[in-house]
There are 2 protein chains.
Amino acid sequence: MISCPKCSEVGSIMKAGYVRNKQRYVCKDCNYFFTLTNPESPVPRKKARRHQTTIIDIARSIGVSNSTVSRALHGHADISPETRQAVLNMASQMDYQPNQLAYNLVKSRTNTIGMIVPEFHNPFFPNVIIGAHHVLTEAGYNLTIMQSNESYPVEVSNTKAMLANRIDGLLISMTQETNNFDHLKVFEKRGIPLILFNRVCDHVEVPKVVVNDFDASFSAVEHLILNGYERIAHLGGPLTLLVSRERLRGYRAAMEKHGKSIEENMIIQGMFSQQKARIYGKYLLELENRPDAIFAVNDSAAIEIMLLAMEKGIRIPEELGVVGFSDNPESAYIGPGLTTVRQPTLEMGATTAEWILQMVDSETEIAMPTQKILKTELVVRGSSRRVCDI
Amino acid sequence: MISCPKCSEVGSIMKAGYVRNKQRYVCKDCNYFFTLTNPESPVPRKKARRHQTTIIDIARSIGVSNSTVSRALHGHADISPETRQAVLNMASQMDYQPNQLAYNLVKSRTNTIGMIVPEFHNPFFPNVIIGAHHVLTEAGYNLTIMQSNESYPVEVSNTKAMLANRIDGLLISMTQETNNFDHLKVFEKRGIPLILFNRVCDHVEVPKVVVNDFDASFSAVEHLILNGYERIAHLGGPLTLLVSRERLRGYRAAMEKHGKSIEENMIIQGMFSQQKARIYGKYLLELENRPDAIFAVNDSAAIEIMLLAMEKGIRIPEELGVVGFSDNPESAYIGPGLTTVRQPTLEMGATTAEWILQMVDSETEIAMPTQKILKTELVVRGSSRRVCDI
DNA sequence: AACGTATTCGCAAACGTTACCGATACTTTT
DNA sequence: AAAAGTATCGGTAACGTTTGCGAATACGTT
């Protein structure tokens, strides 16, 4: 017979339905509902999972408490040299690896910096990563990288993932689509250090690391003008990006300074795949009155222009001057060499990393510089050198 | 006066030493030890930290239990549409972001794949990363990257960090120093999926993804021989690496097949910085009886050779044939173009990622292929084309 | 009335660590 | 010898989440 687990009554037990396919009973006396638990499986929670040795395992095997083990492992005080040694020995013997997850949970910090970049195709961002990676590793931090792939939704989901993973700080360079910044303001609200680099915006008040795009563009175009080029076209980046607008502004400023008229149909803005660069380059070079120089937003576009010119028999630099941006490795070797703007990518990565470390390591609110403008360098090569300067 | 917190006695209180710089008392009556807790700070645990909203906050604010909130958030069963909606609303209203750390701890999986690479200077590993990153992101996994910097101790500490962070699987390409593999065997013992790529070894029984280094090397050297080169030097990689040994083997095999004598002083093995490549190149080109072709272990070394030859007025390919390895972007554009071996880097990354996903996603032990050998492609350019093959 | 079924929700135990604070056993000082 | 100090160690709450199982309720069916 079944007896009530509470009042031990036997006679007043009645069936009371099923719950999860198990018969359920009720004791009419004490109004206690219950099901019969199978005494055969007293430890149903025991999973067959592979067990990683924990602090508790060590503690049990040498008969101390887990707090003692924790102290020994971290070299804290309040522990005798003998027990510490015993713990250390047992730890290495049992092949103990600390569980960083649990550590992070209780300390609510992860020793990890996140980085979101828009693309991986140009060597620019990989180089920034190298620079940041080095500094962070030195400081004992990890770096997780996510790629937004030039997509705003992906960027938003990336920031959410970073938030969920409780990174200690975020470095981000935005996509060309991004024109809403709520996903970044969350970081401000939460007090999580955030730094923008390269692809920045004005709507978030955090430190920013950029290059002097305006100056770089200005001196690149001025260099073309000083080499006797008159009608300079501009293959610019998407105008959603501040860098593109700055470079366009530099282009215009240099042209105006030297009294060159700007032909608006020779300014093309957009995101150039190799294919698109070729199409627009074709358009420019087949123009009725074609430009005698082209300032391109990046080296891959510039190189595409050069190849196109070579195919058409247009001589570089005599008939066409070309200047790129970024100084890709191949730019030094193509044809007469591509004049281009070298960007301090490693330094950019290092600077963002150093700054985020400052922000993360400081307990209190710390005054950070609002912006750092890194200096670029115009690398003059054959593609634009028409006058003999010595 | 001080009264015992237990028996409220006043007369029998005596000092009993200090504990952590606070006066300690004992009640002689009830033998109760105690210190005086400062009633001014009743909540000493309350940190001034910024509070991230948790599941419990949501639960409290709409008067349900946290299990209900958890179920609502994950779209589980056993919940009414109304409460689910209420939870969802409150969650977005309170700007809730789940704490992945806690989730990972209880699920003991992180949805993260780790990757350790030896260096970042050549475009090879960044490209592998791109390939793997894409596949993993599609599958909803994160990728953490660490760099061993060609140092064995760093590699070991990297693997420890990966272990501590409880990654779900590891992709690794080893340093040139690594000749002990205990740090990798830990993964086997723990049952954590592990894949070796590119820089592999025979001592660990896990899936490996490599390229056909022997064949690639063989056909590169054979290509030189078929172009009429006789005395071919080899600037090889460090012999600690299997890839270097395989390439050397391919070189020897091709030379032997065609009956060319191998001059051992024309085989130089090592890890070549740009500077070292120049030194060894100088040595080779200034040899009494200098080689008429050089097969280099990578493109940057090959390019250094080409630049050196140009400086010396040695004509390429007429007087010197050069073949590199990897097909860096700049190799297409330097001088007459550098003949080189193109490696399927993206495919390598994608393959390792797909394999590790298979291993991670399968609950049980799964039979994996032991090895995948990806095909390279000899890209013939001007630096080695001496005969007109149509 | 007695029983069966379905729906919805709460309790509490994990996950592995850290750190506060109390407890114990000594040694040293008065 | 009493009182005070020192050195070690253990108990336990907390970090934020998931989940198995039981409880409560409502309603339908003999």
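A note on names: the letters A, B, ... follow the listed sequences, proteins ahead of strands, and every chain is numbered from 1.
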Tell me: [atom1] of [X] to [atom2] of [N], nearest whole Å?
| X | N | atom1 | atom2 | result |
| --- | --- | --- | --- | --- |
| A:Ile55 | D:dT12 | CD1 | P | 18 Å |
| B:Tyr103 | C:dG16 | OH | C1' | 18 Å |
| B:Leu73 | D:dT19 | CG | C1' | 15 Å |
| B:Arg60 | C:dG10 | CZ | P | 14 Å |
| A:Gln100 | C:dT17 | CD | C1' | 10 Å |
| B:Ile56 | D:dT18 | CD1 | C1' | 12 Å |
| A:His76 | D:dG10 | NE2 | P | 17 Å |
| A:Asn66 | C:dG16 | CG | P | 12 Å |

- Would you mind classifying the nucleic acid contact of B:Thr54 as base, sugar-phosphate or nothing, using non-hydrogen atoms under 4.0 angstrom? sugar-phosphate
- Message: By the 4.0 Å heavy-atom rule, please label B:Ile79 as base, sugar-phosphate, or nothing.
- Response: sugar-phosphate
- Message: Among residues at least two apart in sequence or on other chains, which ones pass side-chain hydrogen bond (donor to acceptor under 3.5 Å, both in side chains) with A:Ser67?
- Response: A:Ser65
- Hey, what do you get for CE (A:Met162) to OG1 (A:Thr110), rounding to the nearest 0.5 Å? 10.5 Å
- Working for side chain to side chain contact (heavy atoms under 4.5 Å, CB included), residues B:Leu163 and B:Thr159: CA-CA 6 Å; B:Leu163 237 28; B:Thr159 54; 5.7 Å; no
- Task: Mind grabbing the angle between the end helix axes of the helix from C:dA1-D:dT30 to C:dT30-D:dA1? Five pairs an end, 10° rounding.
- Result: 60°
Choosing from [options], which nucleotide comes nearest the side chain of [X]?
| X | options | result |
| --- | --- | --- |
| B:His74 | D:dG11, D:dT17, C:dC9 | D:dT17 |
| A:Ser65 | C:dT18, C:dA19, D:dG11 | D:dG11 |
| A:Asp78 | D:dT19, D:dC9, C:dT17 | D:dC9 |
| B:Leu105 | D:dT19, C:dG16, D:dT18 | C:dG16 |
| B:Val106 | D:dT18, D:dG10, C:dT17 | D:dT18 |

- Message: Quick test of your reading: applying side-chain hydrogen bond (donor to acceptor under 3.5 Å, both in side chains), list the pairs with at least one residue in residues 94-104 of chain A, sequence neighbours left out, ordered by first then second residue.
- Response: A:Gln100-A:Asn104
- Task: Verify the contact: side-chain N or O of B:Lys107 to OP1 or OP2 of D:dT19, cut-off strictly under 4.0 Å; return yes or no.
- Result: yes
- Query: Under 4.0 Å between a side-chain N/O of A:Ser108 and OP1 or OP2 of D:dC15, yes or no?
  - Reply: no
I'd like a table of donor-acceptor pairs (distance under 3.5 Å, sequence neighbours excluded) in which one partner is a side-chain atom from residues 138-147 of chain A, with atom names and distances.
{"unit_1": "A:Tyr141", "atom_1": "OH", "unit_2": "A:Arg109", "atom_2": "NH2", "d": "3.3"}
{"unit_1": "A:Tyr141", "atom_1": "OH", "unit_2": "A:Asp361", "atom_2": "OD1", "d": "3.0"}
{"unit_1": "A:Gln147", "atom_1": "OE1", "unit_2": "B:His133", "atom_2": "ND1", "d": "3.4"}

- Item | Donor/acceptor link under 3.5 angstrom from B:Arg166 side chain onto base of C:dG16 | no
With [X], which residues qualify under side chain to side chain contact (heavy atoms under 4.5 Å, CB included), at least two apart?
| X | answer |
| --- | --- |
| B:Gln358 | B:Trp355, B:Met368 |
| B:Asn180 | B:Tyr152, B:Asp182 |
| A:Gln85 | A:Leu88, A:Asn89 |

- Message: If we ignore hydrogens and angles and just use 3.5 Å, is the side chain of B:Ser61 paired with the main-chain N or O of B:Asp57 as donor and acceptor?
- Response: yes
- Item | Residues within residues 80-97 of chain A bordering DNA chain D, heavy-atom distance below 4.0 Å | A:Ser80, A:Pro81, A:Thr83
- Message: Closest-nucleotide mapping onto DNA chain C: is B:Val64 or A:Asn99 further toward the 5' terminus? I mean the 5' end.
- Response: B:Val64
- ring pair (Phe, Tyr, Trp, His ring centres under 6.0 Å) against B:His134, all qualifying residues, sequence neighbours excluded: none
- 5' precedence on DNA chain D between A:Ala77 and A:Ser67 (nearest-nucleotide basis): A:Ala77
